[in-house]
Amino acid sequence: MNPLLPTTLEQLHQQGFDKVIYLYRKNFVELYPQEKLDSIKRTGLDYSCQPVLDSAMVYSFLKDLQARANEENPGMVYAHCWNGWHQSGRLAAFTLMQFCGYTNMQALRYWEMYTDGLYNGYSHVKKSIQAFTPYHDLGFTMIQQKRFCPCANDSLLNLPPISMHHSKAIVTGK
């Protein structure tokens with residue numbers, strides 16, 4: 001329930017990441033006051049806290065990814081929450097819909113598959129994935145899709161979302 005440790009940020013930077021985004025508020029300001037963030041930024045790594053996945057944040061994130069895919073910025077982005085399941089998975093689902101042609105149901109299935117079974121509840125996350133509409137001005141070329149969309153042929157993504165399986169099992173079990 002914390003942002004990343006400075007040593008982890010350093011390791012990510014050594015691996016080629018130049019931007020890291022923490023998707024919750026908890027403990028960020030306490031562990032990363034502005035002067036510490038400025039010091040990290042001077043090394044070439046931008047660490048920020050963006051806990052609200054509203055349309056402005058999502059658009060900015062996706063636009064940045066497109067610029068990186070177009071090699072306008074060769075560095076990589078690491079967006080994280082606490083366990084890598086809910087908020088970062090939600091942002092990944094938006095990304096897959098925007099650039100890799102996933103449908104809302106495939107993206108929801110992706111999100112559920114990678115929550116380590118912890119997908120019950122979280123109705124706000126599920127609704128936001130189901131309601132997401134890709135931006136018309138952002139996209140990948142076919143070459144970029146082949147390079148950056150490695151899960152596109154995953155047959156598990158063609159199954160209905162897990163939560164639908166559960167609701168059907170409850171209904172048919174009566």
Side-chain angles (χ1 to χ4, degrees), residues 2-29 31-104 106-108 110-111 114-115 124-152 154 157:
N2 285 302
L4 298 176
L5 296 171
T7 54
T8 305
L9 291 173
E10 186 178 316
Q11 290 168 352
L12 285 169
H13 192 219
Q14 289 171 1
Q15 295 296 315
F17 291 88
D18 66 353
K19 187 174 189 175
V20 178
I21 304 167
Y22 179 50
L23 299 172
Y24 291 129
R25 269 186 233 289
K26 190 168 183 171
N27 297 323
F28 190 80
V29 173
L31 294 172
Y32 288 95
Q34 191 58 51
E35 50 280 352
K36 190 170 187 175
L37 291 172
D38 292 342
S39 175
I40 292 168
K41 192 165 192 137
R42 285 191 291 275
T43 70
L45 178 68
D46 179 23
Y47 191 32
S48 65
C49 177
Q50 297 184 29
V52 179
L53 275 88
D54 61 10
S55 59
M57 183 279 178
V58 172
Y59 182 82
S60 176
F61 176 81
L62 295 172
K63 188 171 176 77
D64 183 44
L65 292 185
Q66 181 175 12
R68 291 166 187 275
N70 290 336
E71 297 182 9
E72 296 165 23
N73 180 349
M76 295 184 289
V77 177
Y78 183 85
H80 73 95
C81 51
W82 295 332
N83 296 305
W85 299 328
H86 301 107
Q87 285 296 80
S88 59
R90 178 180 172 196
L91 196 54
F94 295 156
T95 303
L96 290 169
M97 287 185 282
Q98 182 66 49
F99 297 117
C100 300
Y102 278 41
T103 66
N104 297 74
Q106 287 172 320
L108 180 59
Y110 164 87
W111 178 84
Y114 294 103
T115 60
H124 67 289
V125 173
K126 293 175 188 176
K127 286 177 185 174
S128 70
I129 293 170
Q130 291 171 321
F132 181 79
T133 301
Y135 298 95
H136 295 292
D137 62 327
L138 301 176
F140 279 178
T141 65
M142 293 303 283
I143 292 169
Q144 289 170 326
Q145 283 184 348
K146 287 181 182 177
R147 181 174 176 200
F148 297 114
C149 301
C151 300
D154 191 338
L157 295 173

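We count residues from 1, following the sequence as given.
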Non-neighbouring partners of Y59 that pass side-chain hydrogen bond (donor to acceptor under 3.5 Å, both in side chains), sequence neighbours left out | D137

Among all residues two or more places apart in sequence or in another chain, which pass the side-chain contact (heavy atoms from CB on, under 4.5 Å) test with N27?
-> N2, P3, E30, L31

By side-chain hydrogen bond (donor to acceptor under 3.5 Å, both in side chains), which residues pair with N104, not counting sequence neighbours?
-> none

Looking at residues at least two apart in the chain, or sitting in another chain, which of them share a ring-ring contact (aromatic ring centres under 6.0 Å, His included) with F140?
-> F99, F148

side-chain contact (heavy atoms from CB on, under 4.5 Å) involving S88 - partner list, sequence neighbours excluded | L23, C81

Partner set under side-chain contact (heavy atoms from CB on, under 4.5 Å) for P33, not counting sequence neighbours | E35, K36

Scan for salt bridge (Lys or Arg N to Asp or Glu O under 4.0 Å) pairs involving residues 57-84, sequence neighbours excluded, and state none if there are none.
-> D18-R68, K19-D64, D64-R68, E71-R147

Only counting residues at least two apart or in another chain, list the ones meeting side-chain hydrogen bond (donor to acceptor under 3.5 Å, both in side chains) with H86.
-> none

side-chain hydrogen bond (donor to acceptor under 3.5 Å, both in side chains): which pairs involve residues 37-46, sequence neighbours left out?
-> Q34-D38

Which residue pairs pass the salt bridge (Lys or Arg N to Asp or Glu O under 4.0 Å) test with at least one member in residues 84-103, sequence neighbours excluded?
-> none

Among all residues two or more places apart in sequence or in another chain, which pass the side-chain contact (heavy atoms from CB on, under 4.5 Å) test with I143?
-> T141

Sequence neighbours left out, what passes side-chain hydrogen bond (donor to acceptor under 3.5 Å, both in side chains) with Y32? Give chain and number order.
-> none

